[in-house]
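Single-structure report; data block below.
Labels below follow one simple rule: chain letters A, B, ... track the order of the sequence lines, proteins then strands, and each chain is numbered from 1. Note that the coordinates shown come from a computational prediction; the quantities given were computed from them, not determined experimentally.
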Protein chains: 2
Amino acid sequence: MRMAVRTLREETAPELACPVSPVVDIVFSRWTTPILWTLHAHGRQRFVELERRITSITPKVLTQRLRRLERDGLVTRTYHPEVPPRVEYEISALGLTLAPLFAHLADWAAGHLPEVERARERYDEAPNR
Amino acid sequence: MRMAVRTLREETAPELACPVSPVVDIVFSRWTTPILWTLHAHGRQRFVELERRITSITPKVLTQRLRRLERDGLVTRTYHPEVPPRVEYEISALGLTLAPLFAHLADWAAGHLPEVERARERYDEAPNR
DNA sequence: CAGTATCCCAGATGATACTG
DNA sequence: CAGTATCATCTGGGATACTG
């Protein structure tokens, strides 16, 4: 069949070469860190509050990300059947286990981001190419 | 002007809500962790070696990612003008500072990935929706 | 060997409008 | 309020072929 090559590619995913890839897929896909960070910084909050704090996200995408985080068990969603409806999002116990990791990330950023910036300038100024 | 709205969205990037976003952009975009991991695990190596170890990547994409990693100062590229040409890639000193972070990631994966898996099963089996 | 050059497409993202 | 529905966009990858 003609999908043989494609199937082969799909089967040999990057995870095979890198044990941290699965975590990356779960925790570091677009918008997930701002969401988790905001939830962690401001505690349990409603949909609109998240929307307001993460200024550039659209409701559609926010919903998608929250659903995924909920499915992965990192966030809990509580629906209060009132009028108007009220929904609250909160980091789960599992999600909280990421906190040290995020702190580690922030530390690295504080210590090494300037160096990355300098490397970029050097690269961009380089005469070759 | 009609790009006003678009510009507004672009200016208010997710970084504003999350100090770790910049790191995510640099270190956790697709293919970068397998590349860094392979480089770290097997030391300095040539283009083809990377290609062979990260089985599902295409040469075009591998080149793109390596260029970006080089620009960010995480990887060094050494060109040997021989026939046939020989190019070697290696993790830089700056790139090595990520090692503890990656170890942390791997630890988290080992400890919590199963729980994520169970959460997914629960979510998918749930009767609602 | 170490890449470029093309062509192409799916899926992610966004703008906008609507609803229980 | 908390989303959903729809439509438009767009670009990151991928397949494939070629070159210094």
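- Distance, A/K60 NZ to C/dT19 P: 18 Å, rounded to whole Å.
- Using a distance-only test at 3.5 Å, with no hydrogens or angles considered, no donor-acceptor pair links the side chain of A/E49 to the main chain of A/H42.
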Heteroatom pairs (N/O) under 3.5 angstrom, protein to nucleotides 1-3 of chain C:
{"from": "C/dC1", "atom 1": "O3'", "to": "B/R46", "atom 2": "NH2", "distance (Å)": "3.1"}
{"from": "C/dA2", "atom 1": "OP1", "to": "B/R46", "atom 2": "NE", "distance (Å)": "2.9"}
{"from": "C/dA2", "atom 1": "OP1", "to": "B/R46", "atom 2": "NH2", "distance (Å)": "3.3"}
{"from": "C/dA2", "atom 1": "OP1", "to": "B/V87", "atom 2": "N", "distance (Å)": "3.3"}
{"from": "C/dA2", "atom 1": "OP2", "to": "B/V48", "atom 2": "N", "distance (Å)": "3.0"}
{"from": "C/dG3", "atom 1": "OP1", "to": "B/R67", "atom 2": "NH2", "distance (Å)": "3.2"}
{"from": "C/dG3", "atom 1": "OP1", "to": "B/R77", "atom 2": "NH2", "distance (Å)": "2.8"}
{"from": "C/dG3", "atom 1": "OP2", "to": "B/Y89", "atom 2": "OH", "distance (Å)": "2.6"}

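- Residue B/I54 contributes atom CD1, which lies 16 Å from atom C1' of D/dG14 at whole-angstrom precision.
- Judged purely by atom type and a 3.5 angstrom limit, B/T33 has no side-chain atom pairing as donor or acceptor with the backbone of A/S21.
- When atom types are taken as modelled, the side chain of A/T38 and the backbone of A/L50 share no donor-acceptor pair closer than 3.5 angstrom.
- Taken together through direct or relayed side-chain contacts under 4.5 Å among Ile, Leu, Val, Met, Phe, Trp and Tyr, B/W37 and B/L96 form part of one hydrophobic cluster.
- Rounded to a whole Å, the CG atom of A/L62 is 14 Å from the C1' atom of C/dG14.
- In DNA chain D, consecutive stretches of 3 or more Watson-Crick or G-U wobble pairs with both distances under 3.5 Å are given as paired ranges: C:1-20 with D:1-20.
- For B/Q64 and C/dT6, the CD to P distance is 15 Å, given to the nearest whole Å.
- Between A/E88 and A/R86 there is a salt bridge, since at least one side-chain N of the basic residue sits less than 4.0 Å from a carboxylate O of the acidic one.
- Look at NE2 on B/H80: it is 18 Å from C1' on D/dG20, rounded to the nearest Å.
- For the atom pair CD of A/E115 and CG of B/D72, the computed distance is 11.5 Å after rounding to the nearest 0.5 Å.
- Taking CG of B/D25 as the start and CZ of A/R30 as the end, the distance is 8.0 Å to the nearest 0.5 Å.
- Between A/R77 and A/R67, the closest side-chain pair of non-hydrogen atoms falls below 4.5 Å.
- OP1 and OP2 of C/dG11 both lie 4.0 Å or more from every side-chain N or O belonging to A/R30.
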